[in-house]
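This report refers to the structure that appears directly beneath it.
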Amino acid sequence: MTDLKLETVAISSLTPDPVNARTHNERNIKAIADSLKQFGQRKPITVTPDSIVVTGNGTVRAAKSLGWTEIIIARTPIGWSWEQIRAWAIADNQSALLAEWDDKVLADQLLELDANGWELEELGFVSLQPPIQEQSDEPLKFNDDKVCPTCGSLIKE
C-alpha cells in the first residue's frame with residue numbers, strides 16, 4: 001500500500017475533469033451539499049498531480065455552492081498514466097452503484113432517524129410516507145425511483 005497524503009487546497013486551484021463521465025443533477029448536488037453541511041468533508045476528493053479533479057467533481061460543485069474556499073484532496077500517484085487515472089475514476093464511481101440496500105434494515109434506520117428529528121431529505125431520501133404495500137421482497141418502483149416496501153420512503157438514487 002502506498003502512502004496517502006492529504007492536503008487542504010484552495011478550490012479555485014482545481015480544474016474540473018473536462019471529460020468526467022459522471023454527471024450530477026441539481027438534486028444530487030443538493031444532497032452532497034446537505035451532507036457537507038451536516039457532516040463536513042469526511043473523505044478527500046482525488047486530483048491529478050496538476051490539480052485536475054478525478055473523483056469528487058460533484059463534491060467540489062457542492063462545496064462551492066456552500067461558499068467553501070478550501071477542500072481536502074489526495075493526489076493520484078505521479079507515475080499513473082491517463083488510462084490508470086481514468087480507470088480509477090470509473091471504478092470509484094461505479095463501485096457504489098453495485099451495492100444494494102437491505103430494505104428492512106434501511107427502513108428501520110430511516111424510521112429511527114426520522115423519529116429522532118433527522119431531516120431525511122438531507123440524507124438523500126424524501127420524507128417518510130405511509131407504507132404502500134404489504135409484504136414484498138421487491139422494492140416498489142415508481143418511474144425510476146425505488147420505494148422502500150417497509151416504510152414507503154422514496155429511495156433517491
Side-chain angles (χ1 to χ4, degrees), residues 1-6 14 16-17 19-48 52-66 68 71-77 80-157:
M1 183 170 166
T2 61
D3 292 330
L4 181 67
K5 295 179 183 165
L6 302 182
L14 302 176
D17 184 349
V19 291
N20 185 18
R22 188 74 171 179
T23 61
H24 300 277
N25 62 31
E26 290 309 310
R27 182 172 95 178
N28 177 240
I29 297 301
K30 182 182 179 328
I32 296 169
D34 287 343
S35 177
L36 289 173
K37 270 192 298 192
Q38 182 72 30
F39 306 109
Q41 185 185 0
R42 295 287 156 237
K43 60 183 180 178
I45 65 165
T46 310
V47 303
T48 63
I52 297 172
V53 179
V54 177
T55 64
N57 283 276
T59 300
V60 171
R61 278 185 51 199
K64 281 183 179 180
S65 78
L66 295 173
W68 289 20
I71 199 157
I72 301 167
I73 67 159
R75 295 190 190 273
T76 58
W80 276 15
S81 69
W82 269 107
E83 290 79 19
Q84 285 174 296
I85 291 169
R86 188 62 49 220
W88 159 243
I90 291 169
D92 182 66
N93 281 290
Q94 181 62 15
S95 59
L97 296 176
L98 299 175
E100 296 180 7
W101 290 107
D102 180 316
D103 290 334
K104 171 89 173 83
V105 173
L106 175 63
D108 290 345
Q109 292 178 4
L110 290 174
L111 287 167
E112 180 181 347
L113 289 169
D114 186 59
N116 286 297
W118 284 82
E119 295 294 330
L120 299 184
E121 290 87 357
E122 293 179 1
L123 304 178
F125 293 86
V126 297
S127 296
L128 292 178
Q129 304 158 355
I132 296 173
Q133 168 181 338
E134 294 299 321
Q135 299 295 322
S136 172
D137 292 335
E138 293 295 319
L140 296 174
K141 290 193 73 106
F142 182 75
N143 295 331
D144 290 329
D145 296 320
K146 288 183 180 177
V147 178
C148 176
T150 306
C151 70
S153 180
L154 185 63
I155 301 170
K156 292 184 180 180
E157 294 184 332

### Message
Going by the rule side-chain hydrogen bond (donor to acceptor under 3.5 Å, both in side chains), which residues pair with Glu26 if we only count those two or more places apart in sequence or in a different chain?
### Response
Arg61
### Message
Assess the residue pair Thr76 and Val54 against the criterion (side-chain contact (heavy atoms from CB on, under 4.5 Å)); give the C-alpha distance rounded to whole Å, side-chain angles, the decisive distance to 0.1 Å, and a yes or no.
### Response
CA-CA 9 Å; Thr76 58; Val54 177; 4.3 Å; yes
### Message
Any heavy-atom pair between the side chains of Thr48 and Ile85 that's under 4.5 Å?
### Response
yes
### Message
Once you measure the plane-to-plane angle for Trp118 and Phe39, does it fall in the parallel (<30°), tilted (30-60°) or perpendicular (>60°) bin?
### Response
parallel
### Pairs where residues 31-42 contributes a residue and the test side chain to side chain donor-acceptor pair (under 3.5 Å) is met, not counting sequence neighbours
Lys30-Asp34
### Those residues that, when tested against Ser81, pass side-chain hydrogen bond (donor to acceptor under 3.5 Å, both in side chains) (two or more places apart)
Glu83
### Message
Testing the basics here: between Gly124 and Ala31, what is the closest heavy-atom pair and its distance to 0.1 Å?
### Response
CA-CB, 4.5 Å
### Message
Nearest 0.5 Å, please: how far is CD1 in Ile29 from CG in Leu36?
### Response
9.5 Å
### Query
Which value, rounded to the nearest 0.5 Å, describes the distance between Ile45 atom CD1 and Leu14 atom CG?
5.0 Å
### Query
Say you draw a straight line from NZ of Lys43 to OG1 of Thr59; how long is it, rounded to the nearest 0.5 Å?
6.5 Å
### Message
Once side chain to side chain contact (heavy atoms under 4.5 Å, CB included) is applied, do any residues pair with Glu119, and if so which ones, sequence neighbours excluded?
### Response
Glu121, Glu122
### Message
Applying side-chain hydrogen bond (donor to acceptor under 3.5 Å, both in side chains), can you list everything that pairs with Thr46, at least two apart in sequence or on another chain?
### Response
Thr55
### Query
Partners of Ala33 by side chain to side chain contact (heavy atoms under 4.5 Å, CB included), sequence neighbours excluded?
Ala62, Ser65, Leu66
### Task
Dump the intermediate steps for side-chain contact (heavy atoms from CB on, under 4.5 Å) on Ile73 and Ile71, then the final yes or no.
CA-CA 6 Å; Ile73 67 159; Ile71 199 157; 4.1 Å; yes
### Summary
Those residues at least two apart in sequence (or on a different chain) that pass side chain to side chain contact (heavy atoms under 4.5 Å, CB included) with Ala74 are Leu4, Leu6, Pro44
### Any pair counted as side chain to side chain donor-acceptor pair (under 3.5 Å), so long as it reaches residues 84-94, sequence neighbours left out
Asp17-Arg86
### Message
Taking His24's backbone N and O only, do any of them form a donor-acceptor pair with Asn28's side chain (distance below 3.5 Å, no angle check)?
### Response
no
#### Entry: All side chain to side chain contact (heavy atoms under 4.5 Å, CB included) counterparts of Lys64, not counting sequence neighbours
Ile11, Val60
### Query
Given Leu120 and Leu113, is the side-chain contact (heavy atoms from CB on, under 4.5 Å) satisfied, shown in steps?
CA-CA 8 Å; Leu120 299 184; Leu113 289 169; 4.2 Å; yes
